[in-house]
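Numbers restart at 1 for each chain; the letters A, B, ... are given by sequence-line order, proteins then strands.
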Amino acid sequence: MSAAENQMETQAHHEKVNYINVRTTLLSWLVTLDHKRIGILYLLTVSFFFLIGGLAASLVRMELVSPKGDLLESDTYNKMFTTHGVMMIFFFLIPSIPAVFGNFLLPLMIGARDVAFPRLNLLSWYMVAGGGLLALAALIMGGVDTGWTFYTPYSSSFAKTQVALTVVGIFIAGFGSIFTGINFLVTIHKMRAPGMTWFRLPLFVWAMYATSLIMVLGTPVVAITLLLVAVERLLGLGIFDPARGGDPILFQHLFWFYSHPAVYIMILPSMGVVSEVISAFSKRRIFAYHFVAFSSLAIAIIGFLVWGHHMFSTGQSMYLGVVFSFITFLVAVPSAIKVFNWLTTLYKGRIELTAPMMYGLGFIGLFTIGGVTGLHLAAMATNVHLTDTYFVVAHFHYVMVGGAIMGYMAALHFWWPKMTGRMYPESWAKLSAMIIFIGFNVTFMPQFILGYMGMPRRYHSYNEEWQVLNVLSTAGSSVMGLGYILPLGYLLWSLKYGKIAPQNPWNARGLEWEIVDAIPHPHNFETIPIVTQEAYDYEHWHPNKPAQQPVIVGGGKS
Amino acid sequence: MSNTTQDLSLDPHGAHGHGAHDNPHLGEQFEDIAQQYDTYTVGMWAFIVQEVMFFGGVFAAYAIYRYKYLEAFSYAHLELDVFWGTVNTFVLLFSSFTMALGVRAAMLQARKAQIGFFLATILFACVFMGVKYVEYSAKFDHGLIPGHNFTLYTEHLNEVREKHPHVAEAVEKNPALVPQMELFFGFYFAMTGLHGLHVLIGIIVIGALVIRAWINKNKPLDYMPVEMVGLYWHLVDIVWIFLFPLLYLVGGH
Amino acid sequence: MAKSHSTGGHHDAAGHHDGGHAHVIPSVGFYFWTLLVLMVLLVLTVWAGYWKVSVSAGIVIALTIAVVKAVIVISNFMNVKFGTKQVWLWAGAGFFWLIILFAYAFADYVSRDHWMKYPGWEQTISERVTSEVSGEAKEEGSH
Ligand SMILES: [Cu+2]
């Protein structure tokens, strides 16, 4: 395509009113009630927090190049891994896919004009961003050194760092997350277009529903718990202080009641993304749709019954440990159902290995490793050996980075054309997907071995015989870092120079591709669609044969 | 009792179905007022679910210590004033009643009645907070402030002896009870404080609705936010329904 | 751009509007009787607080009355009685989910001590481990 043509097309493109060009002032973004714009606001916010968390991680890895604690003092080191954990978990992973893509896509996917409560939605963004800024302020004012888990009594009675401020920041962001959850639940229940029955919903919507349930049922408990820690620090209530009759293990119960299910807040949305991507790029309906849909709910519900596996090596009752261990094994069942169904979908599919698909396939492999190593930790006997070692670190990074962030990257590329109206450069995207995949494995595979050998987590120095693997891990993390910087570059580049995206660049099924404009209209749909077919029905549909009727028929009069 | 109810259309202008979009209270994202009503209701109930979990966390912690320190908590709760607790329960139940009537008035488009019932609700809520102030200051005077001034069972044990000799005796025998009793008051302040905060928020929101109804004299009443705030207020009542016996009553007198 | 399709469509879609929009508005008398019953229960619970029963029995009695009161408030004042099935579901969801938290937490605290006091536990351990270690364990076990 020549430059002139491109120019002309750009103009034609911009004449049409869309959610981006409808208003352009900064203020119009800050007071917007449009779910798509709020999604973009979240994208900017969580990217910023990801950057901070990533910087902290790189400092941690740099310290671990040598066995002696030479680069960072132990205090600083503690603050760095805490910053890494707090920023990545509370301000990147938990809001990432739900808040960015859930907001952007949910109404488009179900055929609604907006989420149920647009004002509440904007308020949620301010709470998450504001909470993150408070946590950041705490970092600037001296940092926190408790680890992201804020275990008592250290956090409540002894730590002399900015625990209270950080905790208040998480508390506020937590309520932002709760409000997002409420908003999504109600939107899915009450705002679906005519004909969009529960079993015609895209699986991403099912994943969002399960995620929102966890947000609403779990987050309040961690909110009150962290509030108690803050109050205990400020007023000295003694609830978690063993010196005054309190029980620090109670904190762990309340904390993990939320924080284990929170892992599913991070992973379920990614699973939803992977379902969309796999289906779109193998041009097949997801195998056993109902099983995949219900396994999301099963994961959300069983996920609430297993939290004690984080407490096997505390004074928790052994009897209860057995129960927790057993049910933890059960969680693997719905996760495995998903994996098998994705693989079956791929089988005999017309697979297009685009960048989102590469991320999606990467997700399946890495998440499986993360999940299976979780079983080593779920068994009480091996758990005692592996607790608080790098095995745990490697395990949850396989789930959270290999799983959740891979899904996030897949989503970012898959829906980038819809969000911005531009195509990203495919070859660069594939390159970065490869780099991230390789860098990731080089970073975290050695940590499984280190953990098995007994290297404890959260120390800035270690035995000399572990140096080789640590250097390897750090080298891998630099490669991975490069893999994350590349998209930052080419995605920004594509905003101006990328190919203009057509309405449905992937020839994928779904309301957002088939009837929403290339860049969505501020009100999403000219007329509310009436849905007449199942999701992912590729068999009865060929984009190149217009004789075939599209799935969705525009409804009503305009 | 249900046969004392009557069916009435909720829709202030009977506007649903045709020309529903002319309703000034219909949000842009909704197709009609019925969808909006359903959405608001489910949304509010989802919020109540999160409130239940929020309070549930601290109730669970309290329940566990109540189990762990059965003896100490039974002694400590004697310092709470059942009289004031009962008064406050009475006041809150009554405020729930006036709130329900206020919501009913809004549904029937009876503006003055709604404002009147809501002002009554605010009045009761203020009485509740007043009583809490009286109770809190009594705790300050008696040295029952955990972490700062918890001296009743140490320096002022004689005061305890006058009213509850068996408690003083038990504390003398086993001083380890004192920090456990401190824990009880930690929970007392944490739980009633959190609940009081909710009452305070309720007062503000109900006040805002009164002003709204007052200002928009010429428009039909928007009953939906009124009903949602009503649900919130009843929830605050329910929390107290559990707090009152668990803190003030259980453990005998 | 206009919201244009006929209102019928949305209703068929998910079938969530429970037929028609005539909502029930209870009479003043209904609310009054509800209040009266709640007041009677309040008096009952205060009175029960002075009964000479064991603490655990007292807790059971107090909680039972509190649950009855809460159910009455939810059903009558919060109009769940007249609500859709979905509202019923939500109203129960939070309380139901709390059971998980309570059940697990209590299971821990109840059986934690039991493990340490399990008959024969101390002997078997002391045969293998030094007396010092088992001494420590005993201390931890009995609060
Ligand atoms: Cu877990």
Undergrad: Please classify the contact of C/Leu98 with chain B as side chain, backbone, both or neither, using a heavy-atom distance under 4.5 Å.
TA: both
Undergrad: Using heavy-atom distances under 4.5 Å, tell me whether C/Ile59 contacts chain B through its side chain, its backbone, both, or neither.
TA: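 Both backbone and side chain.
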Undergrad: Got a second to check how far B/Asp38's CG is from C/Thr84's OG1, nearest 0.5 Å?
TA: 6.0 Å
Undergrad: Who are the ring-ring contact (aromatic ring centres under 6.0 Å, His included) partners of C/Tyr109, not counting sequence neighbours?
TA: none
Undergrad: Is the backbone N or O of C/Pro26 less than 3.5 Å from a side-chain atom of B/Arg104, with the two atoms forming a donor-acceptor pair by type?
TA: yes
Undergrad: For C/Val55 versus B/Leu70, what's the shortest heavy-atom pair and its separation?
TA: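 In this case the closest contact between C/Val55 and B/Leu70 is CG1-CD1, 4.0 Å.
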Undergrad: Counting only non-hydrogen atoms closer than 4.5 Å, does C/Val43 touch chain B with its backbone (N, CA, C, O), its side chain (CB onward), both, or neither?
TA: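 Neither; nothing under 4.5 Å.
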Undergrad: Heavy-atom cut-off 4.5 Å, strictly under: side chain, backbone, both or neither for B/Leu93 against chain C?
TA: both
Undergrad: Relative to chain B, which of C/Ala93, C/Gly92, C/Ala91, C/Ala48 shows the most heavy atom pairs under 4.5 Å?
TA: C/Ala91
Undergrad: Checking side-chain contact (heavy atoms from CB on, under 4.5 Å) for the pair C/Phe32/B/Leu101: CA distance, chi angles, key distance, verdict?
TA: CA-CA 9 Å; C/Phe32 179 76; B/Leu101 291 181; over 6 Å; no
Undergrad: Heavy atoms under 4.5 Å from chain C: which residues of residues 115-122 of chain B carry them?
TA: none
Undergrad: Check residues 174-183 of chain B and write down every donor-acceptor pair under 3.5 Å in which the side-chain atom is one partner and the other belongs to a residue at least two apart or another chain.
TA:
{"residue": "B/Asn174", "atom": "OD1", "partner": "B/Ala176", "partner atom": "N", "Å": "3.1"}
{"residue": "B/Glu182", "atom": "OE2", "partner": "A/Arg244", "partner atom": "NH1", "Å": "3.2"}
{"residue": "B/Glu182", "atom": "OE2", "partner": "B/Gly147", "partner atom": "N", "Å": "2.9"}

Undergrad: According to the interplanar angle, ranging from 0 to 90°, do the rings of B/Phe97 and C/Phe77 count as parallel (below 30°), tilted (30 to 60°) or perpendicular (above 60°)?
TA: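 Answer is tilted, since the angle falls between 30° and 60°.
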Undergrad: Which atom names give the shortest non-hydrogen contact between C/Met78 and B/Leu231, and what distance separates them?
TA: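 Result for this residue pair: CE-O, 3.4 Å.
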Undergrad: Between B/Ile241 and C/Lys69, which heavy-atom pair has the shortest distance, and what is it?
TA: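 Closest pair (atom of B/Ile241, atom of C/Lys69, distance): CG2-CB, 3.7 Å.
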Undergrad: Please round to the nearest 0.5 Å and tell me the distance separating atom CZ of B/Phe94 and atom CG of C/Leu35.
TA: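 If I round to the nearest 0.5 Å, the distance is 6.0 Å.
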Undergrad: Relative to chain B, which segment of C/Phe102 carries a heavy atom at a distance below 4.5 Å: side chain, backbone, both, or neither?
TA: side chain
Undergrad: Kindly list each side-chain donor-acceptor pair under 3.5 angstrom involving residues 44-62 of chain B, sequence neighbours excluded, with atom names and distances?
TA:
{"residue": "B/Glu51", "atom": "OE2", "partner": "B/His198", "partner atom": "NE2", "Å": "2.6"}
{"residue": "B/Tyr62", "atom": "OH", "partner": "B/Arg66", "partner atom": "NH1", "Å": "3.1"}
{"residue": "B/Tyr62", "atom": "OH", "partner": "B/Leu246", "partner atom": "O", "Å": "2.7"}

Undergrad: Between chain C and each of B/Thr41, B/Val103, B/Val239, B/Thr89, count heavy-atom pairs under 4.5 Å; write down the option with the most.
TA: B/Thr89
Undergrad: Can you name the closest pair of heavy atoms from B/Leu249 and C/Thr45 and give their distance?
TA: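 Nearest pair, atom of B/Leu249 first, then C/Thr45: CD1-O, 3.4 Å.
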Undergrad: Identify which part of B/Phe244 has an atom lying under 4.5 Å from any heavy atom of chain C, answering side chain, backbone, both or neither.
TA: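 Side chain only.
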Undergrad: Side chain, backbone, both or neither: which part of C/Leu38 has a heavy atom under 4.5 Å from chain B?
TA: both
